[in-house]
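In what follows, a single structure is set out as structure tokens and then discussed.
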Amino acid sequence: MNASHPSHDELQLDSRVIHGGQRPDPTTGAVMPPIYLSSTYAQRSPGEHQGFEYSRSHNPTRYALERCIATVEGSRLNEVQDVTHGGFAFSSGLAATATCLELLDAGDHLISMDDLYGGTYRLMTNVRERSMNLKVSYVDLTDASRIESAITDRTKMIWVETPTNPTLKLVDLEAVVAIARKHNLITVCDNTFATPILQRPLEIGCDIVMHSATKYLGGHSDVIGGVLITQRPELAEKLRYMQNAIGSVMSAFDSYLVLRGIKTLAVRVQRHCENAMKIAQWLEANPKVERVVYPGLQSHPQYELAQRQMRLQGQPAAGGMITIFLKGGLKESRVFLENVSIFALAESLGGVESLIEHPAIMTHASVPPETRATLGISDTLVRISVGIEHVDDLIGDLDRALAAV
């Protein structure tokens, strides 16, 4: 490569989201990678092909996305014509999680953050504990030292969300990685809420990063998908094998949509953060709100960690998710949620449009009531995904809904 042309890994992050792992199409010069819908590819001779034989195993559009997200997250396993690149795209975030768990053997032990997406809890507890005798310990990892007492002779992996869903706890990734390395454990970080724009788990030392690509990566509430990224060659080899063997791969069209979304990720995340900070400050002053949880507020119990671990272009930034506790009970929560208009009352998050939901009834209904109570997921907890609309319109919508309570 000409010395005057930096590799994609050497570009600034704002440029990597647009160019990472991609080149103009060599046949047509198309700037955006084409959507390859073919399910199979002609071979010159039996077993002699051009790198593609069947689209579950190999697909050029999916490869373009996988190379891109690997570059954006900071994996160096990213040869453009080599399928050993460090990114892997799946049909959903849970499909990515399920495939990642296949790194474990039957009877192995996993330490997980106690507060995490309800679907992840459902998969680990209600499915994998039964189907593969997986042992899971849910630990409050806001204090990483708790890991030591949870380790057994079968512990193989630590699963972390930070910020967590929905109570926005933070986990000190440097501390977790230090303990994991001492005990030779695989560290997985669900980076969905922070995105690679704000948080860099691979650079801190995590082994695998997971995203629900449905959320901020896609960014437009029009695709379901999940990704895994690693910079460890032996894990990449295992994940590539299992991705093909299990088969829950992302389709070519969905890969195209996520790749398109990633191109605007940096500018979208900046707007999400700006809007969320203003809204969090406004909510904190509202008399009908009991408490606001947002990592960018000094009232957050891990504010100092947020300042250090979540950064936007070198400056602290706290993302687009806000959790609030309303005064009153379930009745007040229902009235509030029934009276928003710009905010859509809907599950999911991370789109350009603002969403709002009630975790105890919606996204975390699969978590047992007693567990929700322990985690603080009460009937007054409301989760807000702040979009990129004009912030004054969003505040006005919340103000009208709160006035109805």
Side-chain angles (χ1 to χ4, degrees), residues 1-26 30-34 36 51 58-90 93 96 100 188-192 194-213 215-219 223 225-233 235-237 239-240 243 249-250 252 254-270 311-314 350:
M1 181 177 289
N2 190 300
S4 64
H5 293 82
S7 71
H8 291 168
D9 290 337
E10 296 170 328
L11 296 174
Q12 297 294 322
L13 190 54
D14 287 16
S15 299
R16 266 188 271 167
V17 296
I18 298 171
H19 299 287
Q22 299 165 67
R23 295 282 187 268
D25 182 72
V31 173
M32 190 70 184
Y36 288 87
H58 324 102
N59 180 274
T61 314
R62 191 174 73 243
Y63 279 1
L65 168 62
E66 291 176 338
R67 290 193 302 266
C68 177
I69 191 58
T71 298
V72 170
E73 274 287 4
S75 172
R76 296 289 179 170
L77 305 179
N78 208 31
E79 295 299 324
V80 172
Q81 299 301 323
D82 188 347
V83 299
T84 60
H85 49 261
F88 309 89
F90 300 87
C100 188
V188 184
C189 178
D190 183 337
N191 203 27
T192 300
T195 82
I197 304 302
L198 301 181
Q199 190 165 262
R200 313 290 296 165
L202 292 185
E203 293 174 4
I204 292 172
C206 291
D207 298 307
I208 299 172
V209 173
M210 176 269 173
H211 287 271
S212 171
K215 313 305 192 295
Y216 287 103
L217 298 186
V223 63
V227 294
L228 298 172
I229 309 98
T230 185
Q231 56 187 351
R232 287 180 53 180
L235 292 180
E237 183 178 357
L239 289 172
R240 179 67 63 197
Q243 181 191 40
V249 295
M250 188 181 291
D254 287 349
S255 297
Y256 171 86
L257 288 175
V258 176
L259 190 59
R260 179 201 63 177
I262 290 175
K263 288 180 180 293
T264 60
L265 181 63
V267 292
R268 285 189 288 109
V269 167
Q270 181 172 355
R311 312 280 290 183
L312 176 65
Q313 298 176 342

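We use all heavy atoms of the structure for the numbers below, so side chains are in, but hydrogens, waters and symmetry mates are not.
- Looking at Ser255, its side chain never comes within 3.5 Å of a backbone N or O of Thr61 through a donor-acceptor pair.
- In terms of the side chain to side chain donor-acceptor pair (under 3.5 Å) criterion, residue partners of Gln270 (sequence neighbours excluded) are, by chain and number, Glu274.
- Here the closest heavy-atom approach between residue Gly87 and residue Ala70 is recorded as N-CB, 3.7 Å.
- The line from CZ of Arg232 to SG of Cys206 is 11.5 Å long, rounded to the nearest 0.5 Å.
- With values rounded to the nearest 0.5 angstrom, Ile69 atom CD1 is found 10.0 Å from Leu259 atom CG.
- With values rounded to the nearest 0.5 angstrom, Glu66 atom CD is found 10.0 Å from Leu228 atom CG.
- A distance-only check finds a donor-acceptor pair linking the side chain of Thr230 to the backbone of Asp207 [under 3.5 Å].
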| query | Run the side chain to side chain contact (heavy atoms under 4.5 Å, CB included) check on Leu65 and Ile262 step by step: do they pass? | reply | CA-CA 9 Å; Leu65 168 62; Ile262 290 175; 3.7 Å; yes
| task | Check the pair Ile208 / Cys100 against side chain to side chain contact (heavy atoms under 4.5 Å, CB included), numbers first and verdict last. | result | CA-CA 9 Å; Ile208 299 172; Cys100 188; 3.9 Å; yes
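- Of the possible polar contacts, one joining the Arg16 side chain to the Leu11 backbone as a donor-acceptor pair under 3.5 Å is found.
- Considering every non-hydrogen atom in both Ile18 and Lys263, the closest pair reads O-NZ, 2.7 Å.
- The list of side-chain hydrogen bond (donor to acceptor under 3.5 Å, both in side chains) pairs with a residue in residues 194-203, not counting sequence neighbours, reads Asn191-Gln199, Gln199-Gln309, Arg200-Glu203.
- Among all heavy-atom pairs drawn from Ala236 and Leu77, the shortest one is CB-CD1, 3.8 Å.
- When all heavy atoms are compared, the tightest approach of Ser75 to Leu202 is N-CD1, 3.9 Å.
- Distance alone, capped at 3.5 Å, is enough to place a donor-acceptor pair between the Gln243 side chain and the Ala89 backbone.
- For the side chain to side chain donor-acceptor pair (under 3.5 Å) test, no residue two or more places apart in sequence or in another chain qualifies with Arg311.
- Judged by distance alone, with hydrogens and angles left aside, the side-chain atoms of Arg67 form no donor-acceptor pair with the main-chain N or O of His85 at under 3.5 Å.
- Smallest separation of non-hydrogen atoms from Pro201 and Glu73: CD-OE1, 3.9 Å.
- Tyr36 is linked by a side chain to side chain donor-acceptor pair (under 3.5 Å) to Asp25, counting only residues two or more places apart in sequence or in another chain.
- Side-chain contact between His211 and Ile229 is present, with at least one heavy-atom pair separated by less than 4.5 Å.
- Formation of a donor-acceptor pair under 3.5 Å by the Arg240 side chain with backbone atoms of Leu235 is not found in this model.
- Applying the side chain to side chain donor-acceptor pair (under 3.5 Å) test to Ser15 and every residue at least two apart in sequence or in another chain returns nothing.
- Although no hydrogens or angles enter the test, the distance criterion places no donor-acceptor pair under 3.5 Å between the side chain of Arg260 and the main chain of Met32.
- Judged as a side chain to side chain contact (heavy atoms under 4.5 Å, CB included), and not counting sequence neighbours, the contacts of Ala266 are Asp14, Val17, Ile197.
- Shown here for Val227 and Ala213, the closest heavy-atom pair between the two residues is CG1-CB, 4.5 Å.
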